[in-house]
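Read through the structure below, which is laid out as structure tokens, and then see the notes.
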Amino acid sequence: MKLWKIALIGLGSVGRGVAQVLKDNPQFIIIAAADSKSGVINPSGLDIEVLLAKKKTTGRCGDPKLSAARIAAEADYDILIEVTPTNSVTGEPALSTIKTALLRSKHVVTSNKGPVSLASAELLGIAEEKNVGFLFEGTVAGAVPILRGIKYGLAGNKITALYGVLNGTCNYILTRMEGEGLTYEQALAEARDLGYAEADPSSDINGTDAAIKLVILANTMLGMNVTLADVNQTGISGLTVAALHMANINGQSIRLIASLNPEKNTLEVSPRLLPKDNPLVVSGTLNAVTVETEYAGAITFIGRGAGSVETASAILADLLFITDKYDR
Amino acid sequence: MKRIRGIRVQKNVRTSLRLELKDKPGQLLAAIEPISRIGANVITISHQRDTKSQNGALIVDIIISLPEARLPELIDALRKNEVAVVRIGTEYLTCTKTFILIGHILHTDLTDTVNRIDKANVAEVTELQLIMPKVSERSTAKLTIKAVGEAEMGNAITILKEVSREKHLLIIDEIAGDL
């Protein structure tokens, strides 16, 4: 069995999940790792537990002179895993790291939405030219295999519309407002306490996070050519408890829905009314995507949209796709 | 009724009919044949053999779409075929959508908001429910619009969205389509 050498860029929550998932898999060996301040290379394999312990005490996993950029450019790896935080404006530094790896004919797997939403066409183009894999299942709906589900599971079906609950933070807040009559502010505070919302939750709340995922779906799965600016975007901060109450009386729920229509070339993220029994009305932090197709009708994918090991699950699936399809 | 270039144009109206048929062969055909002959479009037929009227007749509920002026002609034809028409209901506004609006709904002239959407017999606001927590706070309204068809509903929604933008109202609409 071939041993695949991995460079792991990013040692936050997702990076830790990846390390955990790969530990038990004899096919993979992590030979290089980097955080935002330092990096480390060991051709015979790294002990991630030791690295994380070091990072905890010193704030760095390795040598400050060994940056992620240098690892991408110099280390002898087969697959680069990029799991640093999303920068939705420039995609950097991840965009450069990924490009460097692809240009060296290395496979890349990422859960970073920035580079994929900004430059998927260019990056996929390089990957094709170099005959390597560039996979990013974890960027949309976490553990839910929505990209592969559309590309392979529903291959040959024309997609006429797509609707998704793509932000777990918003869905949690709406679920709590609906179920317990909490105000928006109370539900948001609760989401923060439970770690479902970041210290600055604005990109979740105003719909940007869902819009970025919608752009990725549109450009990589539906043959569209759009940017974040093309998404008509309304967040959930203006919602009242009364609105959820009125919807409830009517047998409806309100969810933040990302939707697109390839024929009309429209993309929208906004709170929408849905019948309570619609499969898109999921609870808590779950994600859901309904794809309307030519032959299969409507198909809904539901599952965990975030989390360390959940996102690592998507990354592992991408890695195994690469080991299955490519010889090196 | 409108006239365009001398041709009388009639809008089709959706009509529900409850028919009572004798429980013997060929009766359903006796009911369908005049409807077909008159050129009405059948939307749905529900024919339940196990529910019978008090006099033992079979009940058939049927919804058709036809120019309103031809309705008496159809009723006559059905009666000639010994089909009893026991109920006739006509609804013009068959397309219904519910919206939730959030904002300073009352203070931005609610009458104007409703008036701009209302087009008599084409699209109308048929229901409005308002919750106002405090004078200074934003209120929430549930608004139901009925229209004669999808196109007219589309126009009404365009106007509603325009008004909402102008008055800084957040509008939450239903997901369309057959999800």
Side-chain angles (χ1 to χ4, degrees), chain A residues 160-165 174 177-178 183-184 206-207 232-261 263-264 266 268-281 288-293 297-300, chain B residues 95-108 110 113-114 117 125-147 150-151 153-179:
Chain A
T160 50
L162 180 149
Y163 300 89
V165 171
L174 294 176
M177 286 175 75
E178 181 181 47
T183 64
Y184 165 75
N206 67 22
N232 196 342
Q233 190 181 323
T234 308
I236 63 161
S237 59
L239 287 183
T240 56
V241 181
L244 284 138
H245 178 68
M246 279 175 164
N248 193 35
I249 289 170
N250 227 17
Q252 293 174 311
S253 279
I254 298 175
R255 288 292 184 266
L256 184 72
I257 301 293
S259 62
L260 61 80
N261 185 314
E263 255 166 49
K264 293 183 190 157
T266 54
E268 185 177 341
V269 173
S270 60
R272 305 286 291 271
L273 286 162
L274 299 105
K276 272 187 184 304
D277 58 1
N278 188 294
L280 278 177
V281 182
V289 181
T290 297
V291 191
E292 276 185 14
T293 66
I299 297 228
T300 302
Chain B
C95 191
T96 305
K97 270 196 193 315
T98 303
F99 301 84
I100 288 179
L101 298 180
I102 301 172
H104 295 288
I105 296 163
L106 213 53
H107 298 150
T108 53
L110 179 60
T113 303
V114 172
I117 298 163
V125 174
T126 58
E127 196 194 323
L128 184 77
Q129 193 191 341
L130 197 64
I131 295 180
M132 295 174 291
K134 278 182 199 157
V135 180
S136 58
E137 282 178 28
R138 293 170 310 144
S139 45
T140 304
K142 190 175 87 183
L143 185 86
T144 303
I145 298 178
K146 288 190 172 211
E150 290 293 335
M153 179 61 81
N155 291 338
I157 294 173
T158 306
I159 294 169
L160 177 63
K161 287 193 170 166
E162 234 170 66
V163 176
S164 299
R165 228 184 347 260
E166 204 179 288
K167 299 183 177 181
H168 305 290
L169 305 176
L170 171 62
I171 172 171
I172 306 169
D173 65 343
E174 291 176 337
I175 283 193
D178 30 288
L179 268 184

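Chain naming here is simple, since letters A, B, ... match the order of the sequence lines and numbering starts at 1 in each.
For B:Q129, the parts lying near chain A are the backbone and the side chain together; criterion is any non-hydrogen pair under 4.5 Å. Using a 4.5 Å cut-off between heavy atoms, B:S139 does not touch chain A at all. Contact annotation for A:L239: both backbone and side-chain heavy atoms come within less than 4.5 Å of a heavy atom of chain B. The contact between B:I102 and chain A is made entirely by side chain atoms (from C-beta outward), counting heavy-atom distances below 4.5 Å. Neither the backbone nor the side chain of B:L169 comes within less than 4.5 Å of any heavy atom of chain A. Looking at A:T234, the atoms closer than 4.5 Å to chain B (heavy atoms on both sides) all sit in the side chain, from C-beta outward. For chain A, the nearby part of B:L170 is the side chain; its heavy atoms alone come within less than 4.5 Å. No part of A:A161 comes within reach of chain B, as not one of its non-hydrogen atoms sits under 4.5 angstrom from that chain.
The minimum heavy-atom distance between A:M246 and B:T140, with the atom names listed, is CE-O, 3.5 Å. Shortest non-hydrogen contact noted between A:T183 and A:V241 is CA-CG2, 3.6 Å. Contact between A:Q233 and A:N206 at its shortest, heavy atoms only, is NE2-O, 2.9 Å.
When atom types are taken as modelled, the side chain of B:K167 and the backbone of B:T108 share a donor-acceptor pair closer than 3.5 angstrom. At least one donor-acceptor pair closer than 3.5 Å links the side chain of B:R138 to the backbone N or O of A:G238.
Under the 4.5 Å side-chain criterion, counting only non-hydrogen atoms from C-beta, A:V165 is in contact with A:I257.
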